[in-house]
Amino acid sequence: MSNIEYSEQEVLRRESLAKLRELGIEPYPAALFPVNETAQSIKDQYDPEKENLQDVCIAGRIMSRRIMGAASFMEIQDETGRMQVYVKRDEICPGEDKTMYNTVFKKLLDIGDIVGIKGFAFITQTGQLSVHAKELTLLSKSLKVLPIVKTDADGTVHDGFSDPELRYRQRYVDLIVNPQVKETFIKRAQIVATMREYFNEAGCLEVETPILQSIPGGATARPFITHHNALDIPLYLRIANELYLKRLIVGGYNGVYEFAKDFRNEGMDKTHNPEFTCMEIYVAYKDYIWMMEFVEKMLERISLKVNGTTEVQIGEHKVDFKPPYRRLPILDAIKEYAGVDVSGMDEDELRATCKKLNVEVEPSMGKGKLIDAIFGEYAEKNLIDPTYIIDYPVEMSPLTKRHRSNPSLTERFELFVCGKELANAYSELNDPIDQLERFEEQARLKSKGDDEAMFIDYDFVRALEYGMPPTSGLGMGIDRLTMFMTGQSTIQDVLFFPQMKPEKAVKKEEEKEQ
């Protein structure tokens, strides 16, 4: 016996479901329904002078109804929008039996039900494009009551389904009653498709690399840990796919890229989700200067494709993705925005500077993280227009080639937009001896308590020992890129199903507050 409690409306819908079956009507038919038009295609194609579209087959969800006598109207919604349907009793019930109209349509169908309509397009006496139903088929009975969102003559929305907790947890309802949400995800798909097209034109190959890894490499982050029962070993959900992609460059590919699901066991906020999509690309015989120009052209192309312009409104800022972008060394950025010159400082001096600047630090932090903390506190928020922060200290970049003119720095850039990092790129470190020393320094930091420091990946070092050509690599967060290109303020608005607390945990917290 189920212990689920149903609302009065849910009980009534289940009773309607039973009555439909008593009438011999299957509320969830298995047969194919031959849809040949959509709401949008009818709007685009119908010509009242030609009286075309006389054999329309459309399906959608009932969003409103006006029940009258022998003729009624309803509005159905499909993937492309809404369409009014005119239902006349004697048209859908041409014989003596009027059950389909008098009982099924008028009494047993509800808002939210999915129906199929066969008929023809026409213009009503009030001038509204509609479909005149010749046949009506129930395709799926809805047992839950949809929120009814109403918009008055002034455009004011009433009873909107706007609570973020509900919208993100029940995205399927959000997409039904807030159809504008679909546009964000359509643009996300366009962004990814445009990037693929751009990379393929550049001669790069799309590949796949392992999600379960014995060593979580390629980034400084806390991993999720799992266990492989058959091998009896711990495994990690990848935090990045960098080291595997560079193994493929060693193997002889000149350009590889991957759209990867990565996982980091860290906090959640408006710009971070523990599961996220990252694109990484590696191109042989290139450097980070080449990659800056490559990224600029790509972002310009994406913005034009998605928005028709390079200018995008992101919150209160209008950001222009048209190249070129400013290039600012990180130590100069700290000097510009924090008013201090940290170049040449050792760890103790940096720690003292952080204290003077009221920057919170942890005892486990080394030089790299101390510099990053100052930069994050003082500089990041000022980087509104697309800006390349370049030439990071060696301690901040364990996988990056040393700068060709200053060995204490690396050939690395991060791209910032509206105070947030969008991309990270290097002239990749391909010296196996230097790489091992950098890994060993990361191990020292891990022994001091830095649980985000990298593991030593000896197999990756072995791969480098076979020789990797000069290579430029880039990582870019697709979720954050979508936020920027669609003007969304939270990462949850560009993920179909963002990570949420279990509903039981939320309810317990609410009970405690009461």
statement: Of all heavy-atom pairs linking M454 and P398, the shortest is CE-CG, 3.7 Å
message: Aromatic contact between F375 and F416, with the criterion being ring centroids under 6.0 Å apart: yes or no?
response: yes
message: Do I371 and L350 make a side-chain contact, defined as non-hydrogen atoms from C-beta onward lying under 4.5 Å apart?
response: yes
- prompt: Is it the case that more than 12 heavy atoms not belonging to E201 sit under 6.0 Å from its CD atom?
  reply: yes
- request: Check whether any side-chain heavy atom of T387 sits under 4.5 Å from a side-chain heavy atom of I389, and report yes or no.
  value: yes
query: When you measure from the centre of the six-membered ring of F455, is the NZ or CZ of K446 under 6.0 Å away and within 45° of the axis?
result: yes
- prompt: Would you call the rings of F294 and Y198 parallel, tilted or perpendicular, where under 30° means parallel and over 60° means perpendicular?
  reply: tilted
- prompt: What closest approach, in Å, do T400 and S427 show between heavy atoms, and which atom pair accounts for it?
  reply: CG2-O, 3.6 Å
- prompt: Which value, rounded to the nearest 0.5 Å, describes the distance between I117 atom CD1 and D78 atom CG?
  reply: 12.0 Å
- prompt: Just wondering, more than 12 heavy atoms not from E79 lying within 6.0 Å of its CD?
  reply: no
field: Ionic contact status for D385 with R326, cut-off 4.0 Å
entry: no
task: Measure the NZ-CG distance between K182 and L175 for me, rounded to the nearest 0.5 Å.
output: 6.5 Å
- prompt: How are the rings of F259 and Y257 set relative to one another: parallel (under 30°), tilted (30 to 60°) or perpendicular (over 60°)?
  reply: perpendicular
message: For the backbone of N273 and the side chain of R264, can you confirm whether one donor and one acceptor N or O come within less than 3.5 Å of each other?
response: no
statement: Distance col, row Q213:CD vs I239:CD1, nearest 0.5 angstrom, shows 8.0 Å
query: Would you say the side-chain atoms of S472 pair up with the backbone N or O of Y426, donor to acceptor, closer than 3.5 Å?
result: yes
message: Quick check: closest heavy atoms across D320 and T310, and the distance to 0.1 Å?
response: OD1-OG1, 2.7 Å
field: Salt bridge R301-E197, side-chain N to carboxylate O under 4.0 Å
entry: yes
- prompt: Could you go step by step and tell me if N424 and M476 meet the side-chain contact (heavy atoms from CB on, under 4.5 Å) rule?
  reply: CA-CA 7 Å; N424 189 17; M476 180 173 287; over 6 Å; no
query: With ring centroids as reference points, do F321 and F484 lie under 6.0 angstrom apart?
result: no
Side-chain (S397) to main-chain (L399) donor-acceptor, under 3.5 angstrom: no
- request: Any chance you could lay out the side chain to side chain donor-acceptor pair (under 3.5 Å) test for D269 and T271, step after step, and finish with the verdict?
  value: CA-CA 5 Å; D269 57 32; T271 58; 3.3 Å; yes
- request: Flag the pair Y337 / Y378 as yes when their ring centroid distance falls below 6.0 Å, and as no otherwise.
  value: no
query: NZ of K322 to CG of L299: how many Å apart, nearest 0.5 Å?
result: 13.0 Å
message: Strictly distance-based, threshold 3.5 Å: is any side-chain N or O of D479 a donor or acceptor partner for the main-chain N or O of T277?
response: yes
query: Is there a donor-acceptor pair closer than 3.5 Å between any side-chain N or O of S41 and the backbone N or O of E37?
result: no
message: Does atom NZ (K43) have a neighbourhood of more than 12 heavy atoms from anything else shown, all under 6.0 Å?
response: yes
- request: Identify whether the distance between the nearest side-chain nitrogen and carboxylate oxygen of R167 and D163 falls below 4.0 Å.
  value: no
- prompt: Y392 pairs by side-chain hydrogen bond (donor to acceptor under 3.5 Å, both in side chains) with which of E414, R412, E411?
  reply: E414
message: Using 0.5 Å steps for rounding, measure from the NZ atom of K246 to the OG1 atom of T471.
response: 8.5 Å
message: Determine whether T490 and D493 satisfy the following criterion, side chain to side chain donor-acceptor pair (under 3.5 Å), listing intermediate values before the conclusion.
response: CA-CA 6 Å; T490 68; D493 283 321; 2.9 Å; yes
- prompt: Is the number of heavy atoms from other residues, nucleotides or ligands under 6.0 Å of K261 NZ greater than 12?
  reply: yes
task: State whether E428 and K401 are salt-bridged, where the test is any N-O pair (Lys NZ or Arg NE/NH1/NH2 against Asp/Glu carboxylate O) under 4.0 Å.
output: no
task: Decide yes or no on side chain to side chain donor-acceptor pair (under 3.5 Å) for T309 and N307, but give the supporting numbers first.
output: CA-CA 5 Å; T309 175; N307 297 308; over 6 Å; no
message: If the threshold is 4.0 Å, N to carboxylate O, is there a salt bridge linking E75 and R82?
response: yes
- request: Begin with the C-alpha distance, continue with both residues' side-chain angles, and end with the deciding distance and a verdict on side-chain contact (heavy atoms from CB on, under 4.5 Å) for S130 and V85.
  value: CA-CA 5 Å; S130 304; V85 177; over 6 Å; no
field: side chain to side chain donor-acceptor pair (under 3.5 Å) evaluation trace for Q435 with D431
entry: CA-CA 6 Å; Q435 181 63 82; D431 179 339; over 6 Å; no
query: What do the steps show when you test L328 against Y388 for side-chain contact (heavy atoms from CB on, under 4.5 Å), and what is the final call?
result: CA-CA 6 Å; L328 179 64; Y388 289 122; over 6 Å; no
- prompt: Is K367 salt-bridged to D372, going by a charged N under 4.0 Å from an acidic O?
  reply: no
- prompt: Has the side chain of D113 got a donor or acceptor atom that lies under 3.5 Å from a matching backbone atom of D110?
  reply: yes
- prompt: Donor-acceptor pair, E266 side chain versus R222 backbone, under 3.5 Å?
  reply: yes
task: Tell me, with the steps shown, if Y285 and N254 meet side-chain contact (heavy atoms from CB on, under 4.5 Å).
output: CA-CA 8 Å; Y285 310 109; N254 278 355; 3.7 Å; yes
- prompt: Should we say atom CZ of F33 is surrounded by more than 12 heavy atoms from elsewhere, each under 6.0 Å from it?
  reply: yes
field: Distance in Å, I456 CD1 paired with Q442 CD, rounded so as to fall on 0.5 Å steps
entry: 9.5 Å
field: Residue pair Y288 / D391, side-chain donor-acceptor N/O under 3.5 Å
entry: yes
E316 CD: over 12 foreign heavy atoms closer than 6.0 Å: no
CD (Q313) with more than 12 external heavy atoms under 6.0 Å: yes
- prompt: Would you say R171's side chain and P498's backbone share a donor-acceptor pair under 3.5 angstrom?
  reply: no
- request: Using modelled atom types only, decide if a donor and an acceptor are shared between the side chain of H317 and the backbone of V319 within a distance under 3.5 Å.
  value: no
query: Is the cationic atom of R188 (NZ for Lys, CZ for Arg) positioned less than 6.0 Å from the six-membered ring centroid of F185 and within 45 degrees of its normal?
result: no
- prompt: With distance as the sole test, does R65 use its side chain to make a donor-acceptor pair with the main-chain N or O of M74 at under 3.5 Å?
  reply: no
